Amino acid sequence: MLNIATEKNNGIPPKLTKNTLRTYPLGGLGEVGRNMTVYELNGKILIVDCGVLFPEEEQPGIDLILPDIAKLEDRLNDIVGIVLTHGHEDHIGGVPYLLKMRQDIPLYGSQLTLALLQAKCKEHRLTPKMHVVAAGETTKLAGFELEFVAVNHSIPDALAVAIRTVAGLVLATGDFKMDQLPLDGRITDLRAFAKLGEEGVDLFQADSTNADVPGFTPLEKEIGPVLEQVVSRTIGKVIVVSFSSHVHRVQQVLDAAQANDRQVVLLGRSMVRNMKIAADLGYLRVPKGILISEAQAADVPDEYLVYMSTGSQGEPMAVLSRMVKGDHRVVPGKDDTVILASSLIPGNENAVFRVIDGLVRMGCNVVHKGNAKVHVSGHAAAGELLYCYNIIKPKNVMPIHGEYRHLVANASLAIQTGISPERALICENGSVVDLRAGVAKIVGKIETESMYIDGKSVGKITEHDLQTRMTLGSEGFVSAIAVVSAKTGKLVNSLEIHARGVAEEARVFDEIKPQLIKALEKELAAGERDRKALQKQMRQVLGRWLGMKLRRRAVIMPVVVVID
């Protein structure tokens, strides 16, 4: 029986005792994105990762979603550092917003990770304190001794981190897989994992994203030949869509284009920025003359072009979606091939399929993971995780990174290798785990919320605001305006009703006007002159009528003006 955190231990955590290590996620559990884990020991705080989550359809108008960094607002001076495992947005995208709360928090990460983050911070006009670390190195931050371990992922320079404390040894993998023939020759360092296992890992926090996938994640190198073949068969232009930080995939696209005498155009601000950084640091090998600008491509025939674009998750403002809407210079069409070289993030399926439908309507040949081997995951599947459990033999396991089913699948793998069920901790965002004397326990839960970024607004949009936006979009908006006299208790002029997004003619509202006037005058006759009270009465009457007559739950905005 798994130790399910949602079934017990959800009370207020006890006061943290001396030499006990406390850890709790502020994001990344029960979801794919906004990964952030906090570690606290003897009054000091260490953070591993601080990413973002991209909005879904039920979050209209939202740009990004942050971990609940507001929970640290009163503890900012206790933070000794932020460790970043790799450079994907779901692990580094929230850092600038945390730095705006305290700019001098030290950041630790690999060369590429920090270079990508520095570019982001520059856009926010921040100059962070960065410390480049490499696999095999160790560093001390207050009571935390950190050792960095090379891991393989879908972006170069990824690191796991071992955290040694007086309370025990924690190993957090970050995102990882065990590709034995990686494009950059950098494999997950299982020897280092084994050495840590021999030392004694008290708490193993392992990536869960692919824990429910049997076997082993396919090799990245198997993608290159497929891309070359698809490009060679295409008569017109080729558009490849991927994450803007997927350096390995871009490398394969460059190689496929070179093999087919084509030139490559990078589309999307983040794609251009990230690949320049990767090329400047030597992580991306760019054949001479292969890259051209979007303006230069205007003079090149389609059969000699490959576009490398953002928008793999159907984001409405990303390049691919704009192409489908006809809002971009590059227009896909007949004889063209669009390759979606990425995995679907849960929750984005509808948006992606809409884009695919749009491309097919335009006459494109659409190639994706479902019909060709054009992408492999960057996360360890069940077979790889079993290897890790057998190599490390941790005392306690806390699956991280993934939706709830992924976490449960990961814990189940750990139990199969001999870990006691009560030592496999299924947690949620806010679950508090204390480690002491080799034993990890869920001791409580802190309430966490999503922090929404809407333009320049950070954390001000609430779930209620989002529900209102959804209602506006699906049910419409109705306003009722009345001017009443405080002296006479009567309406000064006729009551007006205006509707938007309600598929009814204006005259249908003539039926409800007498009821609204009657309700208002009844309240006024009883001596009510408070504007808010009168508006509340109007909302109730109009709301009941809309529900019964039109079967709608529109947003109702009553306006009452009281004059002397």
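Predicted model, so just to flag it, every value in this text is computed and none were measured.
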Between [X] and [Y], what is the shortest heavy-atom contact and its length?
{"X": "Gly93", "Y": "Val52", "result": "C-CG1, 3.4 Å"}
{"X": "Cys427", "Y": "Leu407", "result": "O-CD1, 3.5 Å"}
{"X": "Gly87", "Y": "Ile92", "result": "O-CD1, 3.4 Å"}
{"X": "Ile277", "Y": "Ala115", "result": "CG2-CB, 3.6 Å"}
{"X": "Gln296", "Y": "Ser293", "result": "OE1-N, 2.8 Å"}

Practice task
Not counting sequence neighbours, which residues clear ring-ring contact (aromatic ring centres under 6.0 Å, His included) with Phe176? List them please.
Solution key: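 Result, ring-ring contact (aromatic ring centres under 6.0 Å, His included) vs Phe176: none returned.
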When you look at [atom1] of [X], are more than 12 heavy atoms from neighbouring residues, nucleotides or ligands closer to it than 6.0 Å?
{"X": "Lys195", "atom1": "NZ", "value": "no"}
{"X": "Phe216", "atom1": "CZ", "value": "yes"}
{"X": "Glu145", "atom1": "CD", "value": "yes"}
{"X": "Asp280", "atom1": "CG", "value": "yes"}
{"X": "Arg329", "atom1": "CZ", "value": "yes"}

List the residues meeting salt bridge (charged side-chain N to carboxylate O under 4.0 Å, His left out) with [X], not counting sequence neighbours, and say none if there are none.
{"X": "Asp212", "result": "Arg405"}
{"X": "Glu123", "result": "Arg269, Arg273"}
{"X": "Asp90", "result": "none"}
{"X": "Asp78", "result": "Arg75"}

Exercise for the section: Run the numbers on Val170 and Thr165 for side chain to side chain contact (heavy atoms under 4.5 Å, CB included), then give the verdict. Expected result: CA-CA 8 Å; Val170 178; Thr165 72; 6.0 Å; no
I'd like to check the side chain to side chain contact (heavy atoms under 4.5 Å, CB included) partners of [X]; sequence neighbours left out, ordered by chain and number.
{"X": "Lys44", "answer": "Val80, Ala142, Phe144"}
{"X": "Thr209", "answer": "Asp207, His379, His401"}
{"X": "Val286", "answer": "Leu254, Ala279, Leu284, Ile290, Leu291"}
{"X": "Ser154", "answer": "His88, His246"}

From [atom1] ([X]) to [atom2] ([Y]), nearest 0.5 Å:
{"X": "Leu21", "Y": "Asp202", "atom1": "CG", "atom2": "CG", "result": "9.5 Å"}
{"X": "Asp434", "Y": "Leu203", "atom1": "CG", "atom2": "CG", "result": "11.0 Å"}
{"X": "Arg262", "Y": "Ile292", "atom1": "CZ", "atom2": "CD1", "result": "12.0 Å"}
{"X": "Leu281", "Y": "Lys276", "atom1": "CG", "atom2": "NZ", "result": "9.5 Å"}
{"X": "Arg285", "Y": "Asp255", "atom1": "CZ", "atom2": "CG", "result": "4.5 Å"}
{"X": "His91", "Y": "Cys50", "atom1": "NE2", "atom2": "SG", "result": "11.5 Å"}

Handout entry: salt bridge (Lys or Arg N to Asp or Glu O under 4.0 Å) pairs, two or more places apart, involving residues 165-182
Key =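 Sorted pair list: Lys177-Glu220.
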Practice task
Return each pair, listed once, that meets salt bridge (Lys or Arg N to Asp or Glu O under 4.0 Å) where at least one residue sits in residues 91-101; pairs must be two or more places apart or across chains.
Solution key: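 Output for this query is empty, none listed.
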Taking the side chain as everything from C-beta on, heavy atoms only, tell me whether [X] gets closer than 4.5 Å to [Y].
{"X": "Leu26", "Y": "Leu72", "value": "yes"}
{"X": "Leu99", "Y": "Cys121", "value": "yes"}
{"X": "Val367", "Y": "Val226", "value": "no"}
{"X": "Met398", "Y": "Thr23", "value": "yes"}
{"X": "Leu98", "Y": "Met36", "value": "yes"}
{"X": "His86", "Y": "Val151", "value": "no"}
{"X": "Val32", "Y": "Glu403", "value": "yes"}
{"X": "Leu267", "Y": "Thr310", "value": "no"}

Exercise for the section: Output, in order, the C-alpha distance, side-chain angles, deciding distance and verdict of side chain to side chain contact (heavy atoms under 4.5 Å, CB included) for Val238 and Val230. Expected result: CA-CA 9 Å; Val238 177; Val230 174; 5.7 Å; no
Flag, side chain of [X] to backbone of [Y], donor-acceptor distance under 3.5 Å:
{"X": "Ser208", "Y": "Ile400", "result": "yes"}
{"X": "Glu294", "Y": "Val265", "result": "no"}
{"X": "Asn429", "Y": "Leu29", "result": "yes"}
{"X": "Asp49", "Y": "Thr85", "result": "yes"}
{"X": "His131", "Y": "Tyr108", "result": "no"}
{"X": "Arg22", "Y": "Pro13", "result": "no"}
{"X": "Asn410", "Y": "Pro399", "result": "no"}
{"X": "Gln263", "Y": "Ala297", "result": "no"}
{"X": "Asp68", "Y": "Glu449", "result": "yes"}
{"X": "Asn152", "Y": "Thr188", "result": "no"}

Exercise for the section: Taking atom types as modelled, find out whether Glu89 and Ser245 have a side-chain donor-acceptor pair closer than 3.5 angstrom. Expected result: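 Absent: no donor and acceptor within the cut-off.
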Problem - For Thr448, all residues meeting side-chain hydrogen bond (donor to acceptor under 3.5 Å, both in side chains), sequence neighbours excluded - result: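 side-chain hydrogen bond (donor to acceptor under 3.5 Å, both in side chains) check on Thr448 returns nothing, list empty.
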Practice task
Show your reasoning for whether side chain to side chain contact (heavy atoms under 4.5 Å, CB included) applies to Val374 and Leu340.
Solution key: CA-CA 7 Å; Val374 291; Leu340 298 176; over 6 Å; no
Problem - For Arg249, the option from Ile223, Leu183, Ile155 that meets side chain to side chain contact (heavy atoms under 4.5 Å, CB included) - result: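 The single option meeting the side chain to side chain contact (heavy atoms under 4.5 Å, CB included) with Arg249 is Ile223.
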Exercise for the section: Mind running side chain to side chain contact (heavy atoms under 4.5 Å, CB included) on Ile392 and Leu196 for me, showing each step along the way? Expected result: CA-CA 7 Å; Ile392 297 167; Leu196 291 166; 5.8 Å; no
